[in-house]
Amino acid sequence: MYSVGIITSSDKGSAGLREDKGGPAIRSIIEKFSDDFKTEKYIIVPDEKDTLAESMIQMADVDGIDLIVTTGGTGFSKRDVTPEATLSVIERRTPGIPEAMRSISMKITLRAMLSRAEAGIRGNTLIINLPGSPKAIEEVLAPLLPSIKHGIDILQGRDAECARP
């Protein structure tokens, strides 16, 4: 079983002015669609690049979380800095993951092209930026979980084969 850390990026959520719905949506989808992942840590932080980066580093390097999933902060607002925080902490990008998310979402809304989500690897941890909308989270996360698990299997040396039998 792989550990999951959820980071919600929200100024209002971190100040207690808005209920976070993205983080709980991630937890619910993971529990509903996969027996391979368990949420170990969940935090809400303000839309601050350094705070987001420090939170990702803490979860990956100190807490040993296998999969960090962020929600929020991937749009065009000046406060949307989650992708920049992610790029500042990862060692290798995994562009296929955000490409797949946008591909899935583009079938539902053309506004999906506005997502700036990133994904990448830090040590043995996979970090993925998800949208802030619970509906969008379910649309993209549920179908990707099997491939995400396989990617972490390979990353952590539990599987060496990407080709399908």
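- Every residue two or more places apart in sequence or in another chain was checked for a side-chain hydrogen bond (donor to acceptor under 3.5 Å, both in side chains) with R27, and none qualifies.
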In a table with atom names and distances, give each donor-acceptor pair under 3.5 Å that connects a side chain of residues 136-149 to protein atoms at least two apart or in another chain.
{"residue": "E139", "atom": "OE2", "partner": "K135", "partner atom": "NZ", "Å": "2.5"}
{"residue": "K149", "atom": "NZ", "partner": "D153", "partner atom": "OD1", "Å": "3.3"}
{"residue": "K149", "atom": "NZ", "partner": "D153", "partner atom": "OD2", "Å": "2.7"}

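- Not one N or O on the side chain of S34 forms a donor-acceptor pair closer than 3.5 Å with the backbone of I30.
- The closest donor-acceptor contact from the side chain of T125 to the backbone of L67 lies at 3.5 Å or more, if one exists at all.
- In terms of the side-chain hydrogen bond (donor to acceptor under 3.5 Å, both in side chains) criterion, T74 has no residue partners (sequence neighbours excluded).
- Of all non-hydrogen atoms in S9 and P46, the two that sit nearest each other are OG-O, 4.3 Å.
- The two atoms that bring P95 and P98 nearest to each other are O-CD, 3.3 Å, heavy atoms only.
- Side-chain contact between F37 and I152 is present, with heavy atoms from C-beta onward closer than 4.5 Å.
- Checked against salt bridge (Lys or Arg N to Asp or Glu O under 4.0 Å), K12 has no partners two or more places apart in sequence or in another chain.
- Checked by atom type and distance alone, the side chain of S105 pairs as donor or acceptor with a backbone atom of M101 at under 3.5 Å.
- With a 4.5 Å cut-off between side-chain heavy atoms of Ile, Leu, Val, Met, Phe, Trp and Tyr, the cluster of M56 takes in I7, I43, V45, L52, I57, M59, I65, I68, V81, L87, V89, I90, I127.
- With rounding to the nearest 0.5 Å, the separation of OG in S77 from CZ in R116 is 9.0 Å.
- Interatomic distance, K38 NZ to D66 CG, rounded to the nearest 0.5 Å: 12.5 Å.
- In terms of heavy atoms, Y42 sits closest to G23 at CE1-CA, 3.7 Å.
- Remark: D80 engages no residue in a salt bridge (Lys or Arg N to Asp or Glu O under 4.0 Å) (not counting sequence neighbours).
- Within the structure, the salt bridge (Lys or Arg N to Asp or Glu O under 4.0 Å) test picks out the following pairs touching residues 69-79 (sequence neighbours left out): D11-R79, E48-R79.
- Judged purely by atom type and a 3.5 angstrom limit, E118 has no side-chain atom pairing as donor or acceptor with the backbone of P83.
- In this structure, R102 has no side-chain hydrogen bond (donor to acceptor under 3.5 Å, both in side chains) partners at least two apart in sequence or on a different chain.
- Residues F76, M106, L110, L114 make up the rest of the hydrophobic cluster containing M113, defined by ILVMFWY side-chain heavy atoms closer than 4.5 Å, directly or through other members.
- Nearest heavy-atom pair across A85 and A53 is CB-N, 3.9 Å.
- Pairing each heavy atom of A119 with each of I97, the nearest pair is CB-CB, 4.0 Å.
- Residues I44 and S14 approach most closely at CG2-N, 3.4 Å, considering heavy atoms.
- Evaluation of the salt bridge (Lys or Arg N to Asp or Glu O under 4.0 Å) rule for R122 yields D61 as partners, not counting sequence neighbours.
- Residues passing the side-chain hydrogen bond (donor to acceptor under 3.5 Å, both in side chains) test with D36, sequence neighbours excluded: none.
- Around atom NZ of K21, no more than 12 heavy atoms belonging to other residues, nucleotides or ligands sit under 6.0 Å away.
- Among residues two or more places apart in sequence or in another chain, the salt bridge (Lys or Arg N to Asp or Glu O under 4.0 Å) test is passed with E54 by none.
- Looking at T86, its side chain does come within 3.5 Å of a backbone N or O of T82 through a donor-acceptor pair.
- Side-chain N/O atoms of T8 and D20 include a donor and acceptor closer than 3.5 Å.
- From L126, atom CG reaches atom CG of L155 across 7.0 Å, with rounding to the nearest 0.5 Å.
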